[in-house]
**Q** 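Structure incoming, see below.
Reminder, nothing fancy here: chain letters follow the sequence lines and each chain counts from 1. This one's a predicted model, so the numbers in the text were calculated from it and none came from an experiment.
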Number of protein chains: 2
Amino acid sequence: MHKEAYELSERKKLILRTIIDAYIAGGEPVGSKFLTTNKRITLSSATIRNEMAELEEMGYLTQPHTSAGRIPSEKGYRFYVDSLMRNYRLSSDELRALNNLVQNKISELDSVLEYAGRLVSSLTNYTSLTVKPRTDAVKILRYKILKLNSDGFLLIMITATQTVKTKYIHMTSATDDDGLIRLERALNELMCDIDMNTVTMPLMMQLQAQLVGYDSQVSPVMRCIYEAANESDSGDLKLDGVNRLLQYPEFNNIDTLSSMLEVLERKEDILDVVSKSDKRLINIYIGNEIELAAMRHTSLVFKTISSGSHVVGAIGVIGPCRMDYSKVITTVEYLTLGIAGMISDEEEDSDIYDGYE
Amino acid sequence: MHKEAYELSERKKLILRTIIDAYIAGGEPVGSKFLTTNKRITLSSATIRNEMAELEEMGYLTQPHTSAGRIPSEKGYRFYVDSLMRNYRLSSDELRALNNLVQNKISELDSVLEYAGRLVSSLTNYTSLTVKPRTDAVKILRYKILKLNSDGFLLIMITATQTVKTKYIHMTSATDDDGLIRLERALNELMCDIDMNTVTMPLMMQLQAQLVGYDSQVSPVMRCIYEAANESDSGDLKLDGVNRLLQYPEFNNIDTLSSMLEVLERKEDILDVVSKSDKRLINIYIGNEIELAAMRHTSLVFKTISSGSHVVGAIGVIGPCRMDYSKVITTVEYLTLGIAGMISDEEEDSDIYDGYE
DNA sequence: AATTAGCACTCTCGGGTGTTAAGTGCTAAT
DNA sequence: ATTAGCACTTAACACCCGAGAGTGCTAATT
């Protein structure tokens, strides 16, 4: 699969994997002597040292200083994630917690994501992130007008993405029922399924023409429609368990921590990364693999949740490069699949999206 | 106003104020020698030392260790805020930034709060917080039913707080228009302006009775109404500029920082404090004045934004006890007033709340 | 030819020590 | 009542030293 796979002997792979496992678990540089305690490695420390020196030369390991053990480099982690890592088996407790959330069928996606974030953070002990995707400008398929009282009416818009938006519109001058019916008809004739940025003067004039006598209503209505169509939910990123990062020695340094918090606060950047990501597979960014300079010492793992063809959210984890990738990946994948299933179940009940905001 | 005001000679007050001003500005314990450089104080360091010793005995100052200068105690800060502090004058740059936000009439309250938070944080250099209040279970004043297609209809609910909620309801069995009209009428007769927790069996049976032939529709509708009424927007707290706290030496200690982040993550606690606060004046909590143990070393300043009689949000600042109270108070008050004004302007345009989510 | 034992070397970490600077409290003089 | 002067306390910093961990290299062993 990878060129590197042929570059390394089985023995080197074993040593590399053992080192990375140990470093992920303990967080301290791993020395040759420690490796001799591993049952699967029956070599003297000297031989291991030679192998480690070669692995370092090849770029899989680095040394914090000459008299310390080795720690994985980014290339090392990458190879580990791609080829070496063992599958994590969720414990029964963990499974129970995860299933609990999925089966508990909380109807609103927002709260599902909130609980999911909290759960992922507590299970993995890293910071979790949940994303609600941005919804771009949207086309409106159909209009309904509902007179509420003598002062105004409710404009109901059904969008192309099968959601409903409503706006209350205050009537500047009394408009009789006939006017509202004509307005509704005119909107449905002229303003359906078009890109709001292409509304031109001729169209506007046509609209005005159809509504002679009620044209004072047109401009507030148009404003509302325009707003509703462009209400781009710019995407929402929520984090949970930020303070968990503090327990890892790599963030005991104030500078590292500071740059980390800065990243977490630049939510647009993270949203950008998520929006540009693979929508079907799990995404793993290790250290500098992400373009953000301040994320040099952190890794990001996430997966989007899809319902049918469209993305409804994403769940992931942010933590140190020394992350328990195996556990994180398993947890995130299990949960995203579960939530996707839960949503598609729900959609069987109702074709249109039930409950929106 | 305060008993303490009589306890202190003018000279003590001058010394105390000068110490607190200096400590807020510099963050380092203030010694007697430094105070002699102040033009308004024409005393020798020895005299000042005596006064400082007395102020310490009275509880306004403390000493980190015997050979350090003095720092204000919580009592000291409290007295400073209540009686000693000078008014801060916003600079023209600051005024411009603040006015810019207020005059820029962004229509959605959400984005206004978001920008306001960012602005407050950047102007004061502390962490800002913005709160959208929780909306409790709500009574529904009126129902409208709108048939969208043969599969289902839209249930529109106008609430007592003048907002509109809609739910799409899937029809299990085909229901003709007459059924929907009768459903709407029955809901408006029986289910208006009542507390959802008091819906009793007799009421349910009455409802069923009015809808003979269509009763299969009743239970999903009831479920939706119940959900809509109890969709308690549990309040939303957003923070901005968390990383700014790192620049203050009081948070250079990992433990302090950790407990701080923990507090920031327990948003419910902060929401609680805000919801129980004074709705008209600015609220200032210094250190332990707040019940949360982990906030021992932080202060919280905030003010709610009201439109007419109801609270639409709150803006504030979290920072070290050594906070530039004067600047923070002025900034927060100016901005909350500005936003309140901006909202009430808007409400002149439309009686009902225009644009909700 | 591959592996291993042995050893000199390097580097960090923690503890101990001495010095410096800041600031105090007290006493006696003004 | 105020102040000068002085002895005292303490944190902070720099410095040194030894212990411990781990390495790379060489020579011996399998």
Side-chain angles (χ1 to χ4, degrees), chain A residues 8-16 18-20 22-23 25-73 76 249-250 252-254 256, chain B residues 8-16 18-20 22-23 25-73 76 249-250 252-254 256:
Chain A
L8 293 179
S9 67
E10 285 305 314
R11 195 169 77 178
K12 278 204 179 55
K13 286 188 200 170
L14 175 62
I15 289 174
L16 182 55
T18 313
I19 290 174
I20 299 185
Y23 185 64
E28 295 197 344
V30 182
S32 57
K33 197 173 169 191
F34 173 82
L35 292 179
T36 60
T37 66
N38 185 298
K39 270 164 279 164
R40 303 196 47 191
I41 301 178
T42 53
L43 294 166
S44 75
S45 62
T47 314
I48 296 173
R49 276 202 289 283
N50 289 329
E51 292 285 52
M52 284 164 83
E54 284 179 47
L55 282 167
E56 179 167 1
E57 211 171 335
M58 295 163 102
Y60 294 99
L61 295 175
T62 54
Q63 242 179 330
H65 55 84
T66 48
S67 77
R70 301 303 208 290
I71 63 177
S73 67
E250 31 271 87
N252 268 3
N253 177 326
I254 294 279
T256 322
Chain B
L8 294 179
S9 67
E10 285 306 313
R11 194 168 79 178
K12 279 203 178 59
K13 284 189 200 170
L14 175 62
I15 289 174
L16 182 55
T18 312
I19 290 173
I20 299 185
Y23 185 64
E28 295 193 347
V30 182
S32 56
K33 198 174 169 189
F34 172 82
L35 291 179
T36 60
T37 65
N38 184 298
K39 268 164 282 163
R40 304 196 46 190
I41 301 178
T42 52
L43 293 165
S44 76
S45 63
T47 314
I48 296 173
R49 276 202 290 284
N50 289 329
E51 292 284 54
M52 284 164 85
E54 284 179 46
L55 281 167
E56 178 166 4
E57 210 172 336
M58 294 163 104
Y60 294 100
L61 296 175
T62 54
Q63 242 179 331
H65 56 83
T66 49
S67 77
R70 301 302 207 293
I71 63 177
S73 68
E250 31 270 88
N252 268 3
N253 177 327
I254 294 280
T256 321

**Q** If you compare all heavy atoms of Gly76(B) against all heavy atoms of Ile20(B), which two are closest, and at what distance to 0.1 Å?
**A**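 Of all heavy-atom pairs spanning Gly76(B) and Ile20(B), the closest is O-CD1, 3.6 Å.
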**Q** Which is true for Ser32(A) with a 4.0 Å heavy-atom rule: it touches a base, it touches only sugar-phosphate, or it touches nothing?
**A**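 Since only primed, P, OP1 and OP2 atoms lie under 4.0 Å of Ser32(A), the category is sugar-phosphate.
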**Q** dG22(D) P sits how many Å from Arg49(A) CZ, rounded?
**A**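 Atom-to-atom, Arg49(A) to dG22(D), this comes out as 11 Å.
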**Q** Spell out, as yes or no, whether a donor-acceptor pair under 3.5 Å connects the side chain of Ser73(A) to the backbone of Gly59(A).
**A**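 Yes.
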**Q** Assign each of Ala46(B) and His65(B) to its nearest nucleotide of DNA chain D by heavy atoms, then name whichever residue's nucleotide is nearer the 5' end.
**A**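 By nearest-heavy-atom nucleotide position, the 5'-most residue is Ala46(B).
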**Q** Would you kindly give the CD-to-C1' distance between Gln63(A) and dT23(D), to the nearest whole Å?
**A**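 Computing the Gln63(A):CD to dT23(D):C1' distance gives 7 Å.
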**Q** Can you see which heavy atom on Ala22(A) is nearest to which on Phe34(A), and at what distance?
**A**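 Of all heavy-atom pairs spanning Ala22(A) and Phe34(A), the closest is CB-CE2, 3.8 Å.
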**Q** Could you give the distance from CG (Leu55(A)) to NZ (Lys13(A)), rounded to the nearest 0.5 Å?
**A**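 The CG atom of Leu55(A) sits 12.0 Å away from the NZ atom of Lys13(A).
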**Q** Near DNA chain D, under 4.0 Å by heavy atom, which residues of residues 35-44 of chain B?
**A**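 Heavy-atom cutoff 4.0 Å gives Leu43(B), Ser44(B).
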**Q** Looking at Met52(A) and Leu61(A), what are the two nearest heavy atoms and their distance?
**A**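 For Met52(A) versus Leu61(A), the nearest heavy atoms are O-CD1, 4.2 Å.
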**Q** Using whole Å, report how far NZ of Lys33(A) lies from P of dG20(D).
**A**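 In whole Å, dG20(D) P and Lys33(A) NZ are 12 Å from each other.
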**Q** Does DNA chain C take part in any stems of at least 3 consecutive Watson-Crick or G-U pairs (both distances under 3.5 Å), and if so, which ones?
**A**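 DNA chain C stems, ordered by first number: C:1-30 with D:1-30.
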**Q** Check the distance between dG22(D)'s P and Ile71(A)'s CD1 and give it to me in whole angstrom.
**A**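 Taking CD1 of Ile71(A) and P of dG22(D), I get 14 Å after rounding.
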**Q** Would you mind telling me which of Arg49(B), Glu51(B), Arg70(B) makes a side chain to side chain donor-acceptor pair (under 3.5 Å) with Ser32(B)?
**A**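 Answer after filtering Arg49(B), Glu51(B), Arg70(B): Arg49(B).
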**Q** Could you report the tightest heavy-atom contact between Leu14(B) and Arg40(B), atom names first, then the distance?
**A**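 Looks like CD2-O, 3.7 Å.
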**Q** Of all nucleotides in DNA chain C that come within under 4.0 Å of a heavy atom of chain A, which is furthest toward the 5' end and which toward the 3' end?
**A**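 Under 4.0 Å from chain A, the extent on DNA chain C is dT3(C) to dT12(C).
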**Q** Evaluate Thr256(B) against Glu250(B) for side-chain contact (heavy atoms from CB on, under 4.5 Å), listing each step before the verdict.
**A** CA-CA 8 Å; Thr256(B) 321; Glu250(B) 31 270 88; 5.8 Å; no
**Q** In whole Å, what is the span from the CD1 atom of Ile15(B) to the P atom of dT2(D)?
**A**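 Taking CD1 of Ile15(B) and P of dT2(D), I get 10 Å after rounding.
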**Q** For a quick test of reading the model, state the closest non-hydrogen atom pair linking Val30(B) to Ile19(B) and the distance between them.
**A**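 Minimum heavy-atom contact is CG2-O, 3.7 Å.
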**Q** Starting from P on dT2(D), measure out to NZ on Lys12(B) and report it in whole angstrom.
**A**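 Taking atom P of dT2(D) as the reference, NZ of Lys12(B) is at 10 Å.
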**Q** Could you check whether Thr66(B) gets within reach of a base, just the sugar-phosphate, or nothing at all, counting any heavy atom under 4.0 Å?
**A**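 Sugar-phosphate: the residue Thr66(B), judged by heavy atoms under 4.0 Å, touches backbone atoms but no base.
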**Q** Rounding to a whole Å, what distance do you find between Ile48(B):CD1 and dT3(D):P?
**A**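 After rounding, the reported distance stands at 9 Å.
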**Q** Compare every heavy atom of Leu43(A) with every heavy atom of Thr36(A), then report the nearest pair and how far apart it is.
**A**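 Looks like CG2-O, 3.6 Å.
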**Q** Evaluate the side-chain proximity of Met58(A) to Leu16(A): yes if any heavy-atom separation is below 4.5 Å, no if none is.
**A**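 They are not in contact (no side-chain heavy atoms under 4.5 Å apart), so the answer is no.
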**Q** Between Asn50(B) and Ser67(A), which is nearer to the 5' end of DNA chain D once each is assigned its nearest nucleotide?
**A**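 Taking each residue's closest nucleotide, the earlier one in sequence belongs to Asn50(B).
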